[in-house]
Every structure is written in structure tokens, then in C-alpha cells.
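Structure, as C-alpha cells:
All values reported here derive from a predicted model rather than from experimental measurement.
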Amino acid sequence: MRLFSTFNLLITLLILASCNSVPKKEGSFMILPSPSSVEISGISDLLASDIEDLVDQAKADFISGKALEASKNKSLTFSLDKDSDLKAEAYTLDISEDHIAITATTKEGLWYGVITLGQLVQDALDQDAALPLISVKDEPALKYRSVQLDVKHHLEKKDYYYELMDRLAEMKINGVILEIEDKLAFEKQPKVGSSDAWTIAEWKKLSDYAMARNIRISPLVQGLGHASFILKHEEYKDLRDDPESDWAFNPLDERTYEVQFDLYSDALAAFPHAQYLHVGGDEVHTTGRGSGKSPLELQLTWLNKVSKYAEEHGVTPIFWDDMPLKNAGVYGSVYNRNLSEVQVDSIWTVNEPNLNKYVDMFPKNCVYMRWNYDMPETMGNNRAMQWFTDHGFLVMGATAGQTRWNLMPLEESNTANIRDFALISIDNNADGLLLTLWDDDSPHFELYGRGIAIFAEYTWSGQKRTSGELHAAYRQRTFGSELASEDFAFINDLEAPVAFWKNALLDKKDRNQLRRMDNPMQDAVLTLPEANTPGEWTERNKEKLAKAKVNQVIVDSVLYKIAASKKAALRNNYTLEVYEQVAKVTQFTNKSLLLLAEWDLAKTAEERETAKEKLLSLEGEWNAQLVELEKVYGKTRELNKPDDYILDQDHHAHLANQALRFSDWQFYVEGLFLQKIKEGNSLMIEGDIKNN
């Protein structure tokens, strides 16, 4: 009996020992953004599950304002060394066999050390691997790493913005420029705010939440131009520069500044931690109202007044720099890769005096933001930045994770442009870089995630990874280590079908422009095949049909990978659901085109009737698909504008500004196409269908 009890005790001890043993498996660790230097020398004896609790506690302490260096845990210690040569947000992280040490010169550095440790712990737990023996020394390449949130055409649900701040903090983003437009319930100019706008208190709560995570939110309040959200209202029409257009303010009217300063005041109250006041100022031409002043002089008159306001209120103004360059005649050099340095010099030699003439009118306290979403590497772009720095002005760049793409960002989430502008900014010792995320055509915000990660990498680390390695790191961080494999890569594959989708159901027209047509169904939507000319339609559209066939295969593969990813992902399945909906939308277009060809090429009346029934069933399929898409999108997004919302004049043909209901602007083309099919198939498909 005693022997049996001893045996049971030994078994119990072995089980307990195995339960508390550290995994001996080495993991694959992908920190994002990449640290400045990393050395891994083996496996730690620390349990990742234990350290996870310590990381969570450290994050909670920092967010609540507690000093991390005052914590007493023997396994994880923090040191604040203010005499160190580390930069403000830099840190060192060392994991030994039984201890973790994080050192920095500032509390923000300690915070980022905790963020990196959290990623190591997450990777270890994902893979049932040991924490590594690791030494990390890390610092940001750019001081200010900010993303733009553009809420002018829609709002997300409140919880989503709070979750977004957590996600941005995990990527060491430290700034947000929030283009507020009419989504703030302005108290001093209450007519401007839309009925779904957040109050000052609601935005302040988000601002405080972000600041606790080392993210300063600064407002962008559009000023001289892009002012439709103000000037569309009857009460402000007398402030228009052009009485027939709601685009621009009259810079010579003093009431212009009364209105704008009221908006600034409320915006700064909503975002009390603001470092900057972005005043816009891009893409605007003023008439001068017979004043005899040049467009550049008028714009600088306005800029000086709003910059003075910013200075008096303790914030630095930011101004898009394109209009001075356009008015001076040098802007063309910025967007021409074919110009040599000699040619660029020649353009600037002739036209630079147009800038120099007004150099004393450029306010010195302003940051001149050189935005370039296509080719930041050009000689002209660098020359423009150089002109501002040579004259003692503050300069910052702006790249883009989303510009005018429909449905989802393309060009590998704009990887090349983000990389090039970040590297240029680092080489020129710039203070920072902004990632614009325009809502003009309003893809789902989840689809901006990879671009934000790419921006975070290059602005913190410079170029340490290839684009393929960076995309793999994004997948590992977002979904789990298994999805880092190329077997689960699908976003790049989806780009060509999405680009094709935009105008595939149109006859050489652009989706964004249809609302300006009198009869878009007749003049823009794809002409249908006709019964008396079989095969002619197919021949006329053979290139389009060839792309549809190729894309159909690609999208089938993408949908298969997404399904596999959803099973393997450890987190963020919702992002995969959104991509899945995008893929299904593009597949509907491919299917529709191929069905039209099937009807057109039918050899018998029976085949034609079968194809006709398939075409007539498309409407039901699409309606069911749209219900599913809106259910997915609606989990985080306010889909429709308020019933009382006034659309502006849409000078840039922003797709998201063309209707109140989400489906009416996003899928206006699909609706017209299906109506044309239905009317054309009442007896037989006809080519010319009139709008009802």
C-alpha cells in the first residue's frame, strides 16, 4: 500500500512539473515596427503566460498615469535613466533566463518597451514557444508619426475609435490628425455640425483616451477651400468667394475669420492635447473680388491670420503647401519623373521669383506640409521641400494609405510611396510624416490596417524589411503566427479584381461621375447584347470578358485563402470578413459579365432562355449579397447619413458624398445595371433602355 502511494506521488509530481515547465521550442518573432537592433541568443526560463499578466498590468499602470519605474515585480523591472543618450521615445529591452529589464529616458520610452515585450509574449503564446533570450535597442527614425482620420463622409461606431487608438498605440503611432468637418457639434456655430455629430465632450473623451496611450489628436478644420460643409448652408452663402460655389471662403471678408475662429475654438476644446491645428488650404482658387491681389497674395493673407490665431492659442498651424507652388508655376516639376535635375533647376530658375516675391508673407510659425501621394522621389518634390527649408520654414511630408481608390486601397496598400517618402524624410532629418487616409470614396476602415502598419514600420525603422517580409509581419501581428506564411497571403491578389470591378459594368465611363449625367443608365451602363446580332457584343467586349475570366479564377482562390485564414486566425477575424465581402462584390461583377456572354453566344433558344433566367436571378442574388455585406460592414460603421443631411456640391466627385444611403452611393452602378437587365429581359435583351 505504501509503495502504491509513493508511486502515485511521483506521478503527480511529474504531472505538476510538466505543467509548469517552460516550452523548449524556439519561436518565430516578428516585432512591428522593426527595432533598431535585436540580438537573440537562446531561450528564457520565464513563462510567457506569467509575463503576459505583467505586460497587461504595466499597460494598465501607464494608461492610468502610474510611474512604471516604481513597480516592484522581481521578474520585470523598469528603469528611467534621464542621463542616458537614448532619444525621447527610445528604450532598451533585455530578457535573460529569469528577468526582464526595460530602460528608457522617458516614460514614453518605457511604454514602447512594454509594447515590444507584449508582441514577444503574444508570439510565444501563439506558437507555444519559449520567450527568447533577447537584447533590443530601439529608437524611432522620425519623431512625429501621425495618421489622418477623415470623418467627413461617415462616422464609425464609437467603440471602434477607442479600439483603433489601442491598435495605433501597438504600432507606436504617436499622433492623429483628425479631419473633423461637420462631425463635431460646434457650439459657437451650431449650424455647421451635422445631426449625427459628436459633442465636444465626446471627442474630448476619445482625445484623453488616446493621450493616455501617447497619441496626441490634433484637429484639421478645413479653411479657405474644401469649405462645402460650411458654405452649403444658407446662413453662410454670403461668405462664398464665388456666390455660385460652396467650395471656398472669401478671404477678404472679416466675417470669414469670425466663423473659422469659432470652429477652431470648439475643435481645440474637443482635442485639448492638440500639438497642431491643421488649417487645410489646399486645392483652392480665389477670385480676388476685384481687389487687384494675386491668388498667392490672397491665400497668404488668409494663412497669416489663421496662423496668428494658432500661435495665440498655443498650437502650431499646419498648411498644405500645394497652392503657393501652383500659383508660382513650379508645381508641375513635382509630378514628373522624367525631368532631370537640370530640367527641374531650369523650371525653378524661371519661376522661383514668383515665390520669392512673397517670401516675407509666409508665416514662420507654420508647418508647410508637402503632400505627395504618387512620386515623392522626384527632383521637383525634393526641390519644393528644399525651398521651404532654405527660407527657414518648418516642413513636413504627407504620404497616403488611401487616396481615391474604391472598395479597398490598392498598389500593395501604397507601400512604395509610403516607403519612399519615409526614407526621404529620414534622410532630410524631418520632424515627422503624416499618413493620410482619405474618406472620399470610403472603403471600410479595416482595409486601411495594412497601410497603417507599413507606415508605422518605415517611419519608426526605415527600411529593414522587404515589402514581402513587411506584409508577412503584418499578417503575423494582426492574425497570428500561422498566417505569416505566404500560403495565407491574398490581399495583393485581390487588387487587380478590385481595380477591374470599379468600371467593369460601364461603357468607358467612371463610376464616380455617373451622378452628373442626365441618363446614366443609357449613357454609361454597359450596353447589353441584342438578340438579332448574336456574338457581336461578346466580340466588342472580348478584352473585358478575358479579364473577367482571369479575375474569376483569382477571386475563387482569394475566397479559398480567406476561408482558410478565418479557420487559422487567432484574432481579428472581422478584418478577414470585410475582405471576404470585397471579394464577393468583385466576383458578382465577373459572373454578371460572363453570363451576358453566355446569353449572347447561346446556340439554341433553350440555351438562351436558360441564360436569360440566370441573368434575371442576378437581382435576387445581389440583394442577398448586399444584405450580408451591410451586416458585416455595419458591425463597426454607421452606414447611412442622417435623413436631414445636406450633401454639398461634390466638386471632386467624391463617391461617398453622392447619396445618403451607403448602398445608393457605393453600389449605384450595380443597381442601374440590374435595372437595365430586368427591363431588357422582359421579353428579350435590348441594347437601349431608358432611365425610369
Side-chain angles (χ1 to χ4, degrees), residues 10-59 73-77 91-102 112-138 170-172 453 457 461 464-466 468-490 561 563-573 575-576:
L10 287 171
I11 291 295
T12 301
L13 289 172
L14 285 170
I15 291 172
L16 289 172
S18 65
C19 290
N20 290 285
S21 63
V22 177
K24 296 303 180 184
K25 175 184 173 184
E26 292 185 0
S28 172
F29 298 94
M30 292 188 182
I31 303 168
L32 196 161
S34 299
S36 304
S37 66
V38 179
E39 292 182 8
I40 296 178
S41 55
I43 291 175
S44 171
D45 293 333
L46 294 165
L47 276 172
S49 55
D50 291 342
I51 304 305
E52 181 183 31
D53 293 336
L54 297 180
V55 168
D56 290 343
Q57 185 59 54
K59 288 181 178 179
N73 191 281
K74 65 179 182 180
S75 297
L76 173 59
T77 59
Y91 65 92
T92 62
L93 166 64
D94 293 285
I95 302 179
S96 64
E97 286 84 354
D98 59 358
H99 180 254
I100 300 172
I102 298 176
Y112 287 139
V114 173
I115 294 295
T116 295
L117 176 59
Q119 292 188 12
L120 293 170
V121 168
Q122 188 179 66
D123 280 345
L125 293 174
D126 285 355
Q127 301 168 63
D128 192 25
L131 284 171
L133 295 173
I134 191 171
S135 180
V136 175
K137 186 172 183 180
D138 201 8
E170 288 291 322
M171 290 184 280
K172 303 185 175 76
E457 170 81 7
S461 313
K464 288 185 173 294
R465 288 173 165 137
T466 65
E469 291 168 342
L470 178 49
H471 296 164
Y474 161 75
R475 294 195 299 275
Q476 176 155 326
R477 289 267 58 83
T478 306
F479 306 114
S481 55
E482 188 175 346
L483 271 72
S485 166
E486 191 67 24
D487 293 340
F488 294 97
F490 65 83
K561 288 184 177 182
S565 297
K566 288 166 71 175
K567 291 178 181 178
L570 299 175
R571 51 191 167 270
N572 293 318
N573 248 287
T575 307
L576 297 170

[X] (side chain) donor-acceptor with [Y] (main chain) under 3.5 angstrom:
X: Q127; Y: S28; value: yes
X: R465; Y: L470; value: no
X: D123; Y: M30; value: yes
X: K566; Y: N573; value: no
X: S96; Y: H99; value: yes
X: E26; Y: I43; value: no
X: Q119; Y: P33; value: no

Residue pair [X] / [Y], side-chain heavy-atom distance below 4.5 Å:
X: D138; Y: L93; result: no
X: I95; Y: V136; result: no
X: F479; Y: T575; result: yes
X: K172; Y: T116; result: yes
X: K137; Y: S37; result: yes
X: P132; Y: F29; result: yes
X: K567; Y: E482; result: no
X: L76; Y: I100; result: yes

Looking at [atom1] of [X] and [atom2] of [Y], how far apart are the two atoms once the value is rounded to the nearest 0.5 Å?
X: T466; Y: H471; atom1: OG1; atom2: NE2; answer: 8.5 Å
X: S41; Y: I134; atom1: OG; atom2: CD1; answer: 9.0 Å
X: D94; Y: L117; atom1: CG; atom2: CG; answer: 11.5 Å
X: L120; Y: L131; atom1: CG; atom2: CG; answer: 7.0 Å
X: L47; Y: S75; atom1: CG; atom2: OG; answer: 10.0 Å
X: Y112; Y: E170; atom1: OH; atom2: CD; answer: 10.5 Å

| said: K561: which residues meet the side chain to side chain contact (heavy atoms under 4.5 Å, CB included) condition with it, sequence neighbours left out? | reply: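 F490, D493, S557.
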State, to 0.1 Å, how close [X] and [Y] come at their nearest heavy-atom pair, and which atoms those are.
X: T77; Y: N73; result: CG2-O, 3.5 Å
X: A489; Y: R475; result: CB-NH1, 3.6 Å
X: L125; Y: A48; result: CD2-CB, 3.8 Å
X: A453; Y: Y474; result: CB-CD1, 3.8 Å
X: S565; Y: L483; result: CB-CD2, 3.7 Å

| query | If you draw a 6.0 Å radius around CD in E39, do more than 12 non-hydrogen atoms from other residues or ligands fall strictly inside? | reply |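 No, the 6.0 Å shell around CD holds no more than 12 heavy atoms from other groups.
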| said: Against D126, only a single residue in K25, R477, R571 fulfils salt bridge (charged side-chain N to carboxylate O under 4.0 Å, His left out); can you say which? | reply: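 Single pass found, and it is R571.
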